[in-house]
Engineer: 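Dropping a structure here in structure tokens format, bear with me for questions.
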Amino acid sequence: MGMVGGGQDAFIGAIHRLAANMDGLIELKCGALSIKPETARASGKALFLPESRTYLTYDEMIKAEAALPADERIDFVTIVTPNFAHFAPAMMALEHGFNVVIEKPMTFSLEEAKLLKQKVEETGLILCLTHTYSGYPMVKQAKAMVREGKLGKIRKVLVEYPQGWLSTLSEREGNAQAAWRTDPKKSGKSSVMGDIGTHASHLAEYIIGAKITDVCAELNTLVEGRLMDDDGAVLLKFDNGAKGVLIASQVAAGEENALKIRVYGEKGGIEWFQHDPNTLTVRWLNEPAQILRAGSNYNYLSSFATHNCRTPGGHPEGYLEAFANIYRNFALTLGCKLDGIEPTPEMLDFPSVEDGLRGMAFIENVVASSQSDKKWTPYLL
């Protein structure tokens with residue numbers, strides 16, 4: 001892979017590299033690691049990249065790699081820059097024949113997302129979006145149980161993502177991550193929904209296998225002086241008839257990344273909490289509750305869950321492993337494509353350009369609903 005962004009002064013680049021390295025399927029061969037030339041060079045040296053493949057711009061990297069012989073050039077580009085700097089390198093990579101892995105949200109705007117989806121369809125290349133939480137084994141187990149009808153018809157979805165890291169005006173206190181996330185010129189139409197609300201909406205659609213059709217939203221800016229929203233709540237309607245509630249807040253003082261989802265059907269419900277990711281709680285209408293645990297040796301789990309379990313039962317797996325599952329499934333799918341082999345459904349189980357498009361639609365529709373006097377806003381793509 002070649003990496004755009006993610007140098008020594010970056011936030012998420014190291015996480016991507018750790019995840020990509022975990023299974024030995026992916027090797028970092030080149031990078032345009034920073035917009036600062038000195039940081040780009042120092043980052044390349046620290047990662048043992050040759051000077052000839054430590055580039056100063058993504059434009060230079062993509063053109064140079066495309067000119068190399070087929071057995072020497074990279075297979076894909078991973079983009080770990082802030083939101084406003086996703087579209088241009090992703091589009092250029094696709095235009096030069098490279099597959100793409102990209103941080104969420106996929107683009108700065110819905111229009112950019114539509115153009116990327118069109119380019120992916122034109123080229124037949126693969127775009128993977130790193131919605132990390134769908135990589136957890138017990139999230140995949142939850143999805144399998146819903147798909148197999150074990151909970152009956154799904155009626156209700158409750159998903160929440162409270163954080164507390166923006167409880168003060170930290171963007172004016174030297175916090176670089178807060179600064180760009182709360183800047184409408186860099187973050188997009190919504191801060192809280194773009195940063196974490198998209199994770200919650202993707203998790204809901206992923207687990208229940210249905211799409212949001214309507215939203216009724218309220219966005220709030222609770223820290224005085226902030227330029228963008230930092231809190232919000234959304235009522236949801238899904239195309240399978242289910243109703244939902246989504247809460248996202250970055251001013252829930254004391255919280256870290258307390259993502260939780262509960263799904264209820266006619267026969268029972270499931271609950272998954274990111275702070276205890278190896279556990280899936282199942283509550284039945286007329287039977288005792290069950291606690292299912294992740295583990296590669298547990299035969300009661302679905303093939304999608306066990307495919308993404310890395311340790312025997314009782315050994316914790318967490319965020320890095322979930323992140324790595326996204327990269328591994330993408331790499332396995334890409335490897336099959338390069339070898340002319342059909343990938344398995346388990347390999348294909350990673351977020352795609354369609355998920356990226358729906359994420360951008362979620363942001364735009366929630367903002368529109370929050371600004372509207374109407375109770376419900378149709379979910380438009």
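Numbers here simply count residues along the sequence, with the first being 1.
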Engineer: May I ask you to decide if K211's main-chain N or O and D239's side chain share a donor-acceptor pair within less than 3.5 Å?
Structural biologist: yes
Engineer: Looking only at side-chain N and O atoms, does H86 offer a donor or acceptor that is under 3.5 Å from a partner on E112?
Structural biologist: no
Engineer: Ion pair present between K36 and E38, side-chain N to carboxylate O less than 4.0 angstrom?
Structural biologist: no
Engineer: Classify the angle between the aromatic ring planes of H199 and Y133 as parallel (below 30°), tilted (30 to 60°) or perpendicular (above 60°).
Structural biologist: perpendicular
Engineer: Do R328 and F323 meet the cation-pi criteria used here (NZ or CZ under 6.0 Å from the six-membered ring centre, within 45° of the axis)?
Structural biologist: no
Engineer: Any chance you could measure L94, atom CG, to Q118, atom CD, to the nearest 0.5 Å?
Structural biologist: 11.5 Å
Engineer: Side chains of K260 and Y161 only: does a donor on one sit below 3.5 Å from an acceptor on the other?
Structural biologist: no
Engineer: Considering only heavy atoms from C-beta outward, does the side chain of S201 approach that of L246 to under 4.5 Å?
Structural biologist: yes
Engineer: Test your reading of the model: is there a side-chain donor-acceptor pair from N21 to the backbone of L18, 3.5 Å cut-off?
Structural biologist: no
Engineer: Roughly how far apart are R358 CZ and I363 CD1, rounded to 0.5 Å?
Structural biologist: 13.0 Å
Engineer: Is the closest basic N to carboxylate O distance between K143 and D349 below 4.0 Å?
Structural biologist: no
Engineer: Picking from V234, N365, D231, V367, what satisfies side-chain contact (heavy atoms from CB on, under 4.5 Å) with M193?
Structural biologist: V234
Engineer: Would you call the rings of F330 and F350 parallel, tilted or perpendicular, where under 30° means parallel and over 60° means perpendicular?
Structural biologist: perpendicular
Engineer: Within the 3.5 Å criterion, strictly below it, is a donor on N257 or Q274 matched to an acceptor on the partner's side chain?
Structural biologist: no
Engineer: Do the non-hydrogen side-chain atoms of V4 and T78 ever get within less than 4.5 Å of each other?
Structural biologist: no
Engineer: Any chance you could lay out the side-chain contact (heavy atoms from CB on, under 4.5 Å) test for E95 and K119, step after step, and finish with the verdict?
Structural biologist: CA-CA 8 Å; E95 289 172 342; K119 182 58 66 174; 4.0 Å; yes
Engineer: Please check if any side-chain donor atom of Q8 sits under 3.5 Å from a side-chain acceptor atom of S34, or the reverse.
Structural biologist: no
Engineer: Side chains of Y327 and T130 only: does a donor on one sit below 3.5 Å from an acceptor on the other?
Structural biologist: no
Engineer: Any side-chain donor paired with an acceptor under 3.5 Å for N329 and N308?
Structural biologist: yes
Engineer: Is there a donor in the side chain of N325 and an acceptor in the side chain of H307, or the other way round, less than 3.5 Å apart?
Structural biologist: no
Engineer: So, do F273 and H275 have ring centers that fall under 6.0 Å from each other?
Structural biologist: yes
Engineer: Taking the six-membered ring of W376, is the NZ or CZ of K237 close enough (under 6.0 Å from the centre) and on axis enough (within 45°)?
Structural biologist: yes
Engineer: For the residue pair T279 / R293, report whether a side-chain donor-acceptor contact shorter than 3.5 Å exists.
Structural biologist: yes
Engineer: Between K29 and E65, does at least one N-O distance fall below 4.0 Å, as a salt bridge requires?
Structural biologist: no
Engineer: Between D355 and K104, is there a salt bridge with N-O shorter than 4.0 Å?
Structural biologist: no
Engineer: If I take atom OG from residue S190 and atom CD from residue E364, how far apart are they, to the nearest 0.5 angstrom?
Structural biologist: 10.5 Å
Engineer: Under a 3.5 Å threshold, yes or no: a donor from one side chain and an acceptor from the other, between Y136 and E317?
Structural biologist: no
